[in-house]
Amino acid sequence: MDRSLIRKAASAILQGDSTVAFTGAGISVESGVPPFRGENGIWNQFDPATLELDFFLENPAESWKVIRELFYQFFGSAKSNGAHVFLAKLEEKGFLSGIITQNIDNLHQQAGSKRVFEFHGNSQKLICLACLQAFKAEDINLDDEPPRCSCGGLIKPDFIFFGEGIPTEAYNQSIQAASHCDVMLVIGSTGEVMPAAQMPWLAKQHGALVIEVNTEKSNFTNQITDIFLQGKATEISDLLFQEIEIGNDS
Ligand code: NAD
């Protein structure tokens, strides 16, 4: 990795008034959570139709079988990694105003981040579709297929399924954050999932510098990225944090 690029990115974060991170499935890959697409992607093992809202409503037991295995047994044991911790430390030190995440794995919060705008919801929260009572995943017996509320209503994970809209509050907070930041730090996203992928574009339109961390080029790289830091999220995060500490001390 070219150290001068790391220094340039670190100095932009140190000097900026507001840095916002935009994270995708790639930041959690080193926690053992695979992305959806690509060679080892989730959609090579599971049928994405399971996460279509209409399918879920018509076949809740069948849908819940996959949901339970994928999001609670498999994702559920994942631990935050150095890249999640890096963002939490940046926020604690006053260098990060918030994180817009496409992820539903709760790993930013587990690492200690406070301002997290969950564009696609969170798998650790569940909701009754009849009475709208909210639950923590740990409080619900997920062995029941499908899990039901005491009112008899069907319980659904509180992340968005295909065919559902973006949660209004997270959407509005994300738009605010993206349009007011002067540095947008994109980590581990292909930039293919809309409307989430519009957030870095929005930041760019409002004059932000776009720093991107990814093992491969994405839809952003040749179009809006100003500084491309190619590599694994944890490795680049370590390098960035070292430079930020050096810059902050001097
Ligand atoms: P994606 O699956 O489309 O792409 C992942 C990106 O991460 C790719 O660009 C890849 O090159 C990059 N990447 C892989 N390993 C990396 C690493 N170690 N360090 C840095 N980058 C790495 O991801 P997406 O753009 O976020 O879109 C997928 C959608 O699927 C999202 O909307 C998200 O909601 C959902 N999803 C979430 C999770 C999760 O919660 N952890 C997991 C899978 C999918």
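All residue numbers refer to positions in the sequence shown, counting from 1. For ligands, and for the atoms within them, numbers begin at 1 and follow the listed sequence.
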Output side-chain donor-acceptor pairs under 3.5 Å for residues 196-203, partner residues at least two apart or in another chain, one line each.
none

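Of the protein's heavy atoms, Arg37 NH1, 3.4 Å lies nearest to atom 28 (C) of ligand 1. Given atom 2 (O) of ligand 1, the protein heavy atom at minimum distance is Pro35 CB, 3.1 Å. If you check which protein heavy atom lies closest to atom 8 (C) of ligand 1, you get Thr190 CG2, 3.6 Å. Nearest non-hydrogen protein atom to atom 16 (C) of ligand 1 is Gly26 O, 3.5 Å. Protein heavy atom in closest approach to atom 26 (O) of ligand 1: Ala25 N, 2.7 Å. If you check which protein heavy atom lies closest to atom 30 (O) of ligand 1, you get Phe36 CD1, 2.7 Å. For atom 34 (O) of ligand 1, the closest heavy atom belonging to the protein is Gln102 O, 2.4 Å.
Using modelled atom types and a 3.5 Å distance limit, the side chains of Gln230 and Thr215 yield no donor-acceptor pair.
Between Glu30 and Lys79 there is no salt bridge, since no side-chain N of the basic residue sits under 4.0 Å from a carboxylate O of the acidic one. The pair Glu145-Arg68 meets the salt-bridge criterion, since a charged nitrogen lies less than 4.0 angstrom from a carboxylate oxygen.
In His120, the part holding a heavy atom less than 4.0 Å from any atom of ligand 1 is the side chain. Counting heavy atoms closer than 4.0 Å to ligand 1, residue Asn103 contributes atoms from both its backbone and its side chain. The side chain of Val33, and not its backbone, has at least one atom closer than 4.0 Å to an atom of ligand 1 (non-hydrogen atoms only; side chain from C-beta on). Of the heavy atoms in Ser218, none comes closer than 4.0 Å to ligand 1.
Side-chain contact between Ile244 and Phe86 is present, with at least one heavy-atom pair separated by less than 4.5 Å. Asp158 is not listed as a side-chain neighbour of Asn122, based on a closest heavy-atom distance of 4.5 Å or more.
The shortest heavy-atom contact between Arg3 and Glu243 is NH2-OE2, 3.3 Å. Scanning all heavy atoms of the two residues, the minimum distance from Ile27 to Ala83 falls at CG1-CB, 3.6 Å. Of all heavy-atom pairs between Ser28 and Asp105, the closest is OG-OD2, 2.6 Å.
Below 3.5 Å of separation, one finds no N or O of Val193 facing any N or O of ligand 1. Distances between N or O atoms of Ala233 and those of ligand 1 include at least one value under 3.5 Å.
Among Asp105, Ile104, Asn214, Thr234, the residue whose heavy atom sits closest to atom 12 (C) of ligand 1 is Asn214. Here the shortest heavy-atom distance to atom 18 (N) of ligand 1, taken over Glu235, Glu30, Glu192, belongs to Glu30. Of all the listed residues (Gly24, Ser189, Ser123), Ser189 holds the heavy atom that lies closest to atom 25 (O) of ligand 1.
No path of Ile, Leu, Val, Met, Phe, Trp and Tyr side chains, each step under 4.5 Å between heavy atoms, connects Phe228 with Met184, placing them in separate hydrophobic clusters.
Near Gly188, meaning under 4.0 Å from any of its heavy atoms, are these atoms of ligand 1: 5 (C), 6 (C), 7 (O), 21 (N). Residue Pro34 has at least one heavy-atom neighbour below 4.0 Å for each of these atoms of ligand 1: 42 (C), 43 (C). Listed by number with element, the atoms of ligand 1 under 4.0 Å from a non-hydrogen atom of Ser28 are 41 (N).
Annotation: cation-pi geometry satisfied between Lys156 and Phe161 (NZ/CZ under 6.0 angstrom from ring centroid, within 45° of ring axis).
Listed by chain and number, the residues in a side chain to side chain contact (heavy atoms under 4.5 Å, CB included) with Thr168 are Asn172 (sequence neighbours excluded).
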